[in-house]
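Just follow the structure's listing: the first ligand is 1, and inside any ligand the first atom is 1.
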Amino acid sequence: MIVVMSKNATKQEIDNVEKKLTELGFRTHPIIGEVKTVIGAIGDKRLLNTVNITAMPGVESLVPIMKPYKLAGRELKHDPTIVDIGTASIGGNEIAVIAGPCAIENEESFIETAEKVKEAGACILRGGAFKPRSSPYSFQGLEEDGLKIMAKAREKTGLKIVTEVVDTRDVEMVASYADIIQIGARNMQNFRLLHEVGLTSRPVLLKRGLAATIEEWLMAAEYIMAAGNEKIILCERGIRTYETSTRNTIDISAIPVVKELSHLPIIVDPSHAAGNWKYVSSLSKAAVAAGADGLIIEVHIDPPNALSDGPQSLRPAKFKQLMEELVPVAKAVGREIIRPQ
Ligand code: PEP
Ligand code: MN
């Protein structure tokens, strides 16, 4: 950080600030200008927790030069993080496509969907057992029974599974079934939940909050990483804007911005962004073209009768067609789509 001294700061005040910073463990480099003096201070900003440097006589302001997200940022780790899921890796040259219904509704339909998305080329299966719904009267998910169905689908298809946890009390139980734990948009700033999943060893799919800035999203990742879990996959799922033609507005710029700021992989959820199956294909291709490391897409065998998010779900045949259309888009940006093993 840089401590900017005021124009009228005396030599004594400058020396006092420098002495204080040195005592706290910073290495200091004063730069004496014609009008003002600034002091460059190198060290962990947390050393300042006990002292208010801005209140010292002669200090005008403090300017941080490092991003607040130390573990999630690129400043301290330049190489991309590749999250290994066993049958697929996310964040390398290959693009992972995750697919499945919004919610697990029953065993028969879930297994049929799992087989169909696998056949179409998805490498990971999604499904919600705990559904954070806008209305308390909507279907809330099958909870642990849903997770058992997911585990059966994994056994049958070999696809790894991703599912959401919404409550700190369920983290251990969800982690015992899931290969990837999802933190939904509505819980992106549920810091206790972030800490709790940070204590597990499972990769975490961290969705961007409905109205979260990229910095807030990376700080949410920082919470998980600070608890010890560095296996994070960020997921752009559309943000709230004034536009009402789509459920949310996909923030395509988030992909190159996150790539610059963070070493973590980023995937895109075109289904929750669009809210309408008709736009899912275009948004998926745009995401891949912009550098996304993967996609998570809702697929349902009977969308009109889905218990949640039917209008934005692709039928398996449309999903298969999209998988084929993604191949040349990925190729155009020097990448390939992972095929299921
Ligand atoms: C979901 O993936 O089903 C979901 C609820 O997503 P989001 O948290 O992005 O709304
Ligand atoms: Mn959904």
Under 3.5 Å: N/O of [X] near N/O of ligand 1:
{"X": "C102", "result": "no"}
{"X": "Q182", "result": "yes"}
{"X": "E164", "result": "no"}

Per-atom contacts of ligand 1 with [X], taking only distances under 4.0 Å to non-hydrogen atoms:
{"X": "E298", "value": "3 (O)"}
{"X": "G184", "value": "8 (O)"}
{"X": "A185", "value": "7 (P), 8 (O), 9 (O)"}
{"X": "R126", "value": "1 (C), 2 (O), 3 (O)"}
{"X": "R237", "value": "7 (P), 9 (O), 10 (O)"}

Identify whether the distance between the nearest side-chain nitrogen and carboxylate oxygen of R237 and D251 falls below 4.0 Å. no
Salt-bridge present (D179, R202; N to O < 4.0 Å): no
Angle subtended at the Mn ion (ligand 2) by SG of C102 and NE2 of H272, to 10 degrees? 170°
Do K19 and T22 touch side chain to side chain, with heavy atoms closer than 4.5 Å?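 Not touching, per the 4.5 Å side-chain cut-off.
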Does the side chain of V97 reach to within under 4.5 Å of the side chain of I338, using non-hydrogen atoms?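 A side-chain contact is absent here, since even the closest heavy-atom pair is not under 4.5 Å.
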Nearest neighbour in protein (non-hydrogen) for atom 6 (O) of ligand 1: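 Closest protein heavy atom to atom 6 (O) of ligand 1: K207 NZ, 3.0 Å.
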Name the closest protein heavy atom to atom 4 (C) of ligand 1, giving the residue it belongs to and the distance to 0.1 Å.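 Result for atom 4 (C) of ligand 1: H272 NE2, 3.4 Å.
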In this structure, are over 12 heavy atoms from other groups packed under 6.0 Å from E260 atom CD? no
Give a yes or no on this: more than 12 heavy atoms of other residues, nucleotides or ligands lie within 6.0 Å of atom NZ of K70.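 Atom NZ in K70 is crowded, with more than 12 foreign heavy atoms closer than 6.0 Å.
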Measuring from non-hydrogen atoms of R208 to any atom of ligand 1, is the shortest distance under 4.0 Å? no
Within less than 4.0 angstrom of ligand 1, does G128 place any heavy atom?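 Under 4.0 Å: no for G128.
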Determine whether the side chains of [X] and [Y] contain a donor N or O and an acceptor N or O closer than 3.5 Å.
{"X": "E144", "Y": "Y177", "result": "yes"}
{"X": "Q312", "Y": "R247", "result": "yes"}
{"X": "E243", "Y": "S245", "result": "yes"}

Atom name, E298 (N, O or S, nearest to the Mn ion (ligand 2)): OE2
Could you identify the N, O or S atom of D309 positioned closest to the Mn ion (ligand 2)?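 Closest to the Mn ion (ligand 2) among those atoms: OD2.
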